[in-house]
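What follows is a single structure, written as structure tokens, with notes after it.
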Amino acid sequence: MQASFKLITAATHKSKFLLLDEPTSGLDVIAREEILDFIRTYMIENEDCSVIISSHIAGDLEGICDDIYLIENGRIIMHEETDRLLSDYGVLKIKEEEFDKVDKRFVMRCKKENFGYKMLTNERQYYIENYPKMVIERANIDELITIMDKGEIL
């Protein structure tokens, strides 16, 4: 209720800038969706406003944000348009014995797993075309955060 009240208060003042820190934290699914719908509507009705959302709930970000920033120790380690992230980024899953055979020019980070490696790329299509037998998944924000946080730069 407190989160809803703060958003409604900001909206009645037609704020040009909203800084929302975990606006859906601790809410059930219905309340979360109501808050996100409210934010979407506010953004549509107030096109000249800016909204910055800090959240650990990736699903909230995918459906509402134009850009995603990953910040680590106060530094921006990645900035990407959400649409490009969801369309062009991918997670490559390869066995350990295949690791040395893969072109890593477009690999951003690599994370060791039990089966081999997960590698984050911003050029998913390149690997689809050149490695037809490789397991290549679309990246989502949760996966991206995990690999960027726990993975190594090659």
Side-chain angles (χ1 to χ4, degrees), residues 1-11 14-94 104-129 131 134-154:
M1 286 303 193
Q2 190 175 17
S4 297
F5 177 74
K6 288 178 183 178
L7 277 174
I8 292 167
T9 301
K14 299 289 184 200
S15 300
K16 298 287 184 199
F17 178 78
L18 296 177
L19 177 60
L20 307 175
D21 184 23
E22 303 286 350
T24 61
S25 178
L27 300 177
D28 63 49
V29 175
I30 303 297
R32 263 185 55 229
E33 201 53 43
E34 287 174 356
I35 292 289
L36 293 173
D37 284 343
F38 182 86
I39 295 168
R40 283 185 201 98
T41 301
Y42 186 81
M43 291 167 55
I44 290 167
E45 292 174 355
N46 300 280
E47 291 180 6
D48 59 339
C49 78
S50 295
V51 179
I52 294 178
I53 301 173
S54 170
S55 180
H56 291 89
I57 303 172
D60 291 357
L61 302 174
E62 287 178 9
I64 201 166
C65 296
D66 294 327
D67 291 78
I68 301 288
Y69 290 82
L70 292 181
I71 301 171
E72 182 177 84
N73 298 323
R75 291 183 38 241
I76 296 172
I77 61 168
M78 195 191 97
H79 166 230
E80 190 61 78
E81 291 179 8
T82 307
D83 290 344
R84 181 167 188 276
L85 190 150
L86 297 174
S87 67
D88 297 351
Y89 280 59
V91 176
L92 316 175
K93 294 183 175 182
I94 63 169
K104 297 174 190 68
R105 284 183 290 162
F106 305 112
V107 172
M108 299 170 66
R109 297 264 173 116
C110 179
K111 184 174 180 271
K112 180 77 171 100
E113 298 286 347
N114 292 334
F115 62 83
Y117 294 91
K118 281 185 183 179
M119 297 190 294
L120 179 67
T121 180
N122 57 357
E123 296 291 339
R124 185 174 55 87
Q125 191 60 39
Y126 171 82
Y127 292 96
I128 289 171
E129 292 170 5
Y131 298 89
M134 182 184 288
V135 175
I136 304 168
E137 298 176 348
R138 287 189 181 272
N140 62 44
I141 295 176
D142 283 334
E143 194 82 69
L144 178 126
I145 291 168
T146 300
I147 297 173
M148 289 295 289
D149 182 54
K150 303 291 185 200
E152 297 177 19
I153 299 172
L154 297 178

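For the pair V91 and M119, the minimum side-chain heavy-atom distance is 4.5 Å or more. Between E80 and D67, every side-chain heavy-atom pair lies at or beyond the 4.5 Å cut-off. No side-chain heavy atom of L92 sits under 4.5 Å from any side-chain heavy atom of V135. When side chains are defined from C-beta on, E34 does not count as touching D28, because their heavy atoms never get closer than 4.5 Å. In this structure the side chain of M108 reaches within 4.5 angstrom of the side chain of M78, judged on heavy atoms. The closest side-chain heavy-atom distance from C49 to Y42 is below 4.5 Å. Proximity of R124 to F106: side-chain heavy atoms (C-beta onward) are nowhere separated by under 4.5 Å. Using a 4.5 Å cut-off on side-chain heavy atoms (C-beta onward), T121 and Y89 make no contact.
In this structure, K112 satisfies the cation-pi test against Y117, with its NZ or CZ atom closer than 6.0 Å to the six-membered ring centre and inside 45 degrees of the ring normal.
Separating the CG atom in L85 from the SG atom in C65 is a distance of 11.5 Å, to the nearest 0.5 Å. A distance of 11.0 Å separates CG in L120 from CD1 in I145, rounded to the nearest 0.5 Å. Taking CZ of R138 as the reference point, atom CG of D88 lies at 8.5 Å (rounded to 0.5 Å). Going from atom NZ of K118 over to atom CD1 of I94 covers 13.0 Å, rounded to the nearest 0.5 Å. For the atom pair CD1 of I71 and NE2 of H79, the computed distance is 10.5 Å after rounding to the nearest 0.5 Å.
At a threshold of 4.0 Å, the pair R40-E33 counts as salt-bridged, since one of the basic side-chain nitrogens sits closer than that to a carboxylate oxygen. A salt bridge is absent between E152 and K111: the closest approach of a Lys/Arg side-chain nitrogen to an acidic carboxylate oxygen does not fall below 4.0 angstrom.
Checked options I64, T41, L27; the residue passing with L36 is I64 (criterion: side-chain contact (heavy atoms from CB on, under 4.5 Å)). Of the candidates R105, K104, R84, R84 is the only one forming a salt bridge (charged side-chain N to carboxylate O under 4.0 Å, His left out) with E123.
In terms of modelled atom types and a separation under 3.5 Å, the side chain of R109 and the main chain of I147 share no donor-acceptor contact.
Within 6.0 Å of the CG atom in D48, the count of heavy atoms belonging to other residues, nucleotides or ligands exceeds 12. For E72, the CD atom counts as densely surrounded, since its 6.0 Å shell holds more than 12 non-hydrogen atoms of other residues, nucleotides or ligands.
The shortest heavy-atom contact between P23 and S54 is CD-O, 3.9 Å. Nearest heavy atoms, A139 versus L86: O-CD2, 3.9 Å. Taking all atoms of both residues into account, the shortest heavy-atom contact from V51 to I53 is CG1-CG1, 3.9 Å. Residues I57 and R32 share a closest heavy-atom pair of CG2-NH2, 3.7 Å. Closest heavy-atom contact between I136 and Y131: CD1-O, 4.2 Å.
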side-chain contact (heavy atoms from CB on, under 4.5 Å) assessment of I52 paired with L20: CA-CA 6 Å; I52 294 178; L20 307 175; over 6 Å; no
Please evaluate residues D66 and E81 with respect to the criterion side-chain contact (heavy atoms from CB on, under 4.5 Å), reporting the C-alpha separation (whole Å), side-chain torsions for both, the decisive distance (0.1 Å), and the verdict. CA-CA 6 Å; D66 294 327; E81 291 179 8; over 6 Å; no
Would you sort out whether E143 and N140 count as a side-chain contact (heavy atoms from CB on, under 4.5 Å), showing the intermediate values? CA-CA 5 Å; E143 194 82 69; N140 62 44; 3.4 Å; yes
